[in-house]
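Here is the structure we will look at, set down as structure tokens.
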Amino acid sequence: SQELEQSPQSLIVQEGKNLTINCTSSKTLYGLYWYKQKYGEGLIFLMMLQKGGEEKSHEKITAKLDEKKQQSSLHITASQPSHAGIYLCGADKEQNGGADGLTFGKGTHLIIQP
Amino acid sequence: DSGVTQTPKHLITATGQRVTLRCSPRSGDLSVYWYQQSLDQGLQFLIQYYNGEERAKGNILERFSAQQFPDLHSELNLSSLELGDSALYFCASSGGTSTVEKLFFGSGTQLSVL
């Protein structure tokens, strides 16, 4: 079965600094989703990447998909306290979506130090 | 607010007991997904329903069952509870069977089995 490994598991960053979170899949990536979870709350959709080389941005968060490496990275520029939380990557198990639910990584816990 | 409602928010019970978790999907969404989140396993897909019918099964134990009602709300039943069942249970909804569409997550039910 497909596994997603996220690194690092946790990250403490000083406010204003840049950071990168990685998500590596054990199998071909057909669709890669990034979600953010605030402690004790549900997951909020950030971005979805589908094609190799695709890059998307939302405010100060940029995500890229490297299809050959079966990897995605999430980059936050000039981090703010509001960026703190758990970042999870999720992937489709099949090409063209499929109905089998998303597989998720275990998440990266991000703490922003003022 | 994702539009997905989960009740109760917290549940404390004893081993051997049975509990029911409830989920109301976003208005118009036909698919409901159940996920279990724990520290060691991360976010695990349990089961998906589409318009009242079971569509896909993940790592769901035989002690667990779910259903989706004609009004599209869903219930997850957990029986013969064990300490290891303590986790955060999420419900998510989407508009179709394919997970290419982003999932909308509820805020979860925190289950504590004592």
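Heavy-atom contacts from other residues, nucleotides or ligands closer than 6.0 Å to CD of A:Q113 number more than 12. For B:L61, the CG atom sits in a packed shell: over 12 heavy atoms of surrounding residues, nucleotides or ligands are nearer than 6.0 Å.
Heavy-atom distances place the side chain of B:Q37, and not its backbone, under 4.5 Å from chain A. In this structure, chain A has a heavy atom under 4.5 Å from the side chain of B:L88, while its backbone stays farther away.
Chain A forms the most heavy-atom pairs under 4.5 Å with one residue out of B:G42, B:S107, B:S2, B:G106, and that residue is B:S107.
Using bins of under 30°, 30° to 60° and over 60° for the plane-to-plane angle, the ring pair B:F105/B:Y35 lands in the tilted bin.
Just one of A:I111, A:I112, A:L19 meets the side-chain contact (heavy atoms from CB on, under 4.5 Å) condition when paired with A:I12; it is A:I111.
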